[in-house]
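Everything on this sheet refers to the single structure shown next.
Just so you know, ligand 1 is whichever comes first in the structure, and atom 1 is the first atom listed for that ligand.
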Amino acid sequence: MSFAHIGLLCSGGDSPGMNCAIRALVRTAIFNGIQVTGIKRGYAGLLRGEFQPMNLSSVGNIIQRGGTILQTSRCPEWMKKEFRAKAVDIMKHQGIEALVVIGGDGSFNGAMALWNEHQFPVIGIPGTIDNDISGTEYTIGFDTAVQTGIECVDKIRDTAHSHARTFLVEVMGRNSSAIALKVGVCTGAENILLPHEKVNHQKLNDDIHRGMARGKDSSIIIVAEGPVAGRSYEIQNILKDMFHLDAHVAILGHVQRGGSPTANDRFIASQMGNKAVQALIDEKFPTVTVVRDGKVLLAPLSECITKADYNYAEYQTLAETLSI
Ligand code: F6P
């Protein structure tokens, strides 16, 4: 079976570098004589038939832009079987023979259901700043989000030092430790609070005072957001009530989702977009373009549909050792 026409969508939270993957996929497909239809606003747009024909120039001048030109959404209807059946009918009616989904584990679960229920050919490209998908060491956008986090914390450190203050800096990543650990190590944070660990406020206070005792003027505590953003305020209140310690809160939030992708994100996304088309030409589906041992490869989609928190124990030890 060779494909003449494929569909492409982004789903879930956007991430810097998605445009690089879109560009690489469209250009590789056209190079191989395959037509591409862009589907706007993820699975929700697919259900509404929001299609956009893609040509060489529709992906021109986007490699440096954050976000996604196709836009994205989270789609609760997709959880229901009848909507997935409707989507397959819509794609067939449009002449779309295979679907490439750029997104996270939730989006890949949605793609897996399309394959399981309808044998509709699907390929996944991992795109989320959280770097939390099983089966791949890397997801597009993580490097840029970390870089943005580092730049923000460096700025906060300047003012924290000037005023001899403690800051709780909350970073995105939901239940993943990845952004918090990497930003923490790279900014010399005094402490990193991970999403799955109960906060030991006594230890936090002791660490801050130990630092002050050896002449430190500022303390940066990186707080991983966990399931609900804003947990830093609770920590701030407890530090105040228990120890009369005034900590300032800075929540970086969606700043980390925007911005021009780093070289690393551009390069990996370009390889993944290219590889996704190759996978369809070689009839290797349902698969995901993954990074393993630093190389972009294909892995079965079934290996990439759960959450993973890579290397956190090792990086946590590193962070703790370097922040004594
Ligand atoms: O999954 C990516 C992510 O940016 C998480 O880090 C964050 O918790 C969440 O999305 C925020 O989602 P939304 O943009 O829908 O508020």
Original post:
Could a heavy atom of Q256 be found less than 4.0 Å from some atom of ligand 1?
Top reply: no
Original post:
Where does the angle between the aromatic ring planes of H196 and Y312 fall among parallel (under 30°), tilted (30 to 60°) and perpendicular (over 60°)?
Top reply: perpendicular
**OP:** Evaluate salt bridge (Lys or Arg N to Asp or Glu O under 4.0 Å) for R174 paired with D130, printing each intermediate quantity in order.
**Re:** CA-CA 7 Å; R174 216 170 258 157; D130 300 345; 5.3 Å; no
**OP:** Using the rule that two of Ile, Leu, Val, Met, Phe, Trp, Tyr join whenever any of their side-chain heavy atoms come within less than 4.5 Å, decide whether M79 and I305 are in one cluster.
**Re:** no
Subject >> Nearest neighbour of atom 8 (O) of ligand 1 from the list E225, R74, R174, M172, on a heavy-atom basis >> reply: E225
**OP:** For atom 2 (C) of ligand 1, find the nearest protein heavy atom and state the residue, atom name and distance (0.1 Å precision).
**Re:** D130 OD2, 3.3 Å
**OP:** Kindly state each residue pair satisfying salt bridge (charged side-chain N to carboxylate O under 4.0 Å, His left out) with at least one member in residues 189-204, sequence neighbours excluded.
**Re:** R157-E190, E190-K216, K203-D207
Original post:
Under 4.0 Å from ligand 1, counting heavy atoms only, is it the side chain of I179, its backbone, both or neither?
Top reply: neither
**OP:** With sequence neighbours left out, write down each residue that passes salt bridge (Lys or Arg N to Asp or Glu O under 4.0 Å) with R48, or none if nothing qualifies.
**Re:** E50
**OP:** Identify, by atom number and element, the atoms of ligand 1 in contact range of H254, meaning under 4.0 Å from any of its heavy atoms.
**Re:** 13 (P), 14 (O), 16 (O)
**OP:** Spell out, yes or no, whether Y138 and V296 are grouped together once hydrophobic residues are joined by side-chain heavy atoms under 4.5 Å, including indirect joins.
**Re:** yes
Original post:
Touching ligand 1 at all, G173? Heavy atoms, strictly under 4.0 Å?
Top reply: yes
**OP:** Could you check atom 3 (C) of ligand 1 against the protein and tell me its nearest heavy-atom contact, residue, atom and distance included?
**Re:** R257 NH1, 3.5 Å
